[in-house]
Number of protein chains: 2
Amino acid sequence: MISDDLLKKYGAEKVHLVKREVLFGVDTLPRYYFQVISGKIKMNNFNEDGKEFIQGIFSEGLSFGEPPLLAELAYPAYAEAVANSIVWKLEKSKFLALLKENPETHLVLTKVLARRLHYKATMVAEISSESPEHRLLKLIDYFKTHIHKIPDEEPYLVELSRQQMADLIGLRVETVIRAIKSLEKKNILQLQSHKIVR
Amino acid sequence: MISDDLLKKYGAEKVHLVKREVLFGVDTLPRYYFQVISGKIKMNNFNEDGKEFIQGIFSEGLSFGEPPLLAELAYPAYAEAVANSIVWKLEKSKFLALLKENPETHLVLTKVLARRLHYKATMVAEISSESPEHRLLKLIDYFKTHIHKIPDEEPYLVELSRQQMADLIGLRVETVIRAIKSLEKKNILQLQSHKIVR
DNA sequence: TTACTTTTATGACTTAAATCATAAAAGAAC
DNA sequence: GTTCTTTTATGATTTAAGTCATAAAAGTAA
């Protein structure tokens, strides 16, 4: 999202994370801007009885955790490496200077936040009032068109596990599995040796 | 959020809305920046069987609907006047010029988006995995500390109806009413002639 | 003060998704 | 190719919240 050159120029450092390593915890105060160089980071919550909710999955080039950094609020979730990863880490004050001195980059960031807010607004309405099948379809279609930018008519092979999908839309795996079966019967999506194609 | 002077300078116009009037519909493309002058606007969704979900309630001084305007996406929800209201309306191109030429204002907007993203992230995790009582408390505490900025030790008289709270956290009125009763019994909140005090 | 509307309240019943148990595939590691 | 782990799958049962019905307060308008 922010170019490597610019990040280096402002003194960003690389952080290496092994799979399952936690980068920051929920309710802690942000001190850095983070952006994925390689690998995959997820932000997630756990309720009292350990049920996970995935706020987002961030891969190469994407930043994460900027909202609380900008709003001066505690992190609303954990950040955990889904795979071995490398991320840029830039001190808050340097990040703010970067934004100030690079208005085009600032606008890019604003648009990123806007897009994320749009995703959250869509998902929260889904989660609060739609059926498992509806929620699942919205999620898959969101990933197809917005994350991977695949045209409607081209097939999309879903890379998410059933558990991950469940955690992204607030359901249990079994419910997701049953919803997938039902959607397949209705020919709304296809299964190719357990992989979902939409 | 953006000062009246600045809005006027860039050619913003006033729009008058009567209670229940709809300013824009879901799935339509944004063309304007909006900011409440007086009254109250809510953004909401309805599922197939008419169940409402309230994305947010915006009162004096607050902007709404900017994310899809910036992200070039369709509105994820309706905007409807909760009371007779007046709002500023500024054309997209003029709004973008305003941001470009007023970096401090741009940063203010970025922070507003960041705060809203924080609210959404918190709420979606709640809605997806917490009990009605937990969700209700989070909502009330959010309004107390973040919307009205009331110190912890001071009492907060909740201005939301049970139906509105239900629609903000994806529950049914009856469930909210029962959760309130239960929280009162546990002395977590008080009821003063049906008004909630926390 | 009365009439009408909206909001709050409560009990009985239903239902969709969670939970629990168990197993078969698929994938990764050696 | 065998072992171990993770993911997918399915049936039976439970349960929390939704639904439905009905009414009492509270608020508003004439």
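Quick caveat: nothing in here was measured; it's all calculated off a predicted structure.
Judged by distance alone, the side chain of A/H134 and the main-chain N or O of A/S129 form no donor-acceptor pair under 3.5 Å. A donor-acceptor contact shorter than 3.5 Å is absent between the side chain of B/E154 and the backbone of B/P151.
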*If the sugar-phosphate is the primed atoms plus P, OP1 and OP2 and the base is the rest, what is the B/S/- string for nucleotides 22-30 of chain D, using protein heavy atoms under 4.0 Å?*
---SS----
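A/Q190 contributes atom CD, which lies 16.0 Å from atom NZ of A/K195 (distance to the nearest 0.5 angstrom). Rounding to the nearest 0.5 Å places CD1 of B/I127 at 12.0 Å from NZ of B/K138.
Using modelled atom types, one finds a donor on one side chain and an acceptor on the other under 3.5 Å when comparing A/Y156 with A/E159.
A straight line from CD1 of B/I177 to P of D/dG18 spans 12 Å, rounded to a whole angstrom. Here D/dA16 presents its C1' atom at 17 Å from CD1 of B/I127, a figure rounded to the nearest Å. Taking atom CD1 on B/I180 and atom P on C/dT8, their separation rounds to 8 Å, with Å as the unit. Rounded to whole angstrom, the span from the CG atom of A/L191 across to the C1' atom of D/dT7 amounts to 14 Å. In this structure, B/E133 places its CD atom 12 Å from P of D/dA16, rounding to the nearest Å. Taking atom CD of B/E184 as the reference point, atom P of C/dT8 lies 14 Å away to the nearest angstrom. The nearest whole Å value for the distance from the CE atom in B/M165 to the C1' atom in C/dA9 is 13 Å. When the C1' atom of D/dA16 is taken as reference, atom NE2 of B/H134 falls 17 Å away, rounded to whole Å.
Within the helix from C/dT1-D/dA30 to C/dC30-D/dG1, the inter-axis angle between the opening and closing five-pair segments is 60°, rounded to 10°.
Between B/S182 and B/E133 the shortest side-chain heavy-atom distance falls below 4.5 Å.
Within 6.0 Å of CD in A/E21 there are more than 12 heavy atoms belonging to other residues, nucleotides or ligands.
For A/R162 and D/dT7, the shortest distance from a side-chain N or O to OP1 or OP2 is not below 4.0 Å.
None of A/L168, A/V173, A/I177 except one satisfies the side chain to side chain contact (heavy atoms under 4.5 Å, CB included) rule with A/Q163; the exception is A/V173. With respect to A/Y33, the ring-ring contact (aromatic ring centres under 6.0 Å, His included) criterion is satisfied by exactly one of A/W88, A/F24, A/F95: A/F95.
Under a cutoff of 6.0 Å and an axis angle of 45°, A/K94 and A/Y10 do not form a cation-pi pair.
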Could you list, one pair per line, each protein nitrogen or oxygen that sits under 3.5 Å from a nitrogen or oxygen of nucleotides 14-20 of chain C, together with the distance?
unit_1 : atom_1 : unit_2 : atom_2 : d
C/dA18 : OP2    : A/T175 : OG1    : 2.3
C/dT19 : OP2    : A/R172 : NE     : 3.3
C/dT19 : OP2    : A/R172 : NH1    : 2.2
C/dT19 : O4     : A/R178 : NH2    : 3.0
C/dC20 : N4     : A/E174 : OE2    : 3.3

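In summary, B/E52 and B/K42 engage in a salt bridge, as defined by a charged side-chain N under 4.0 Å from a carboxylate O.
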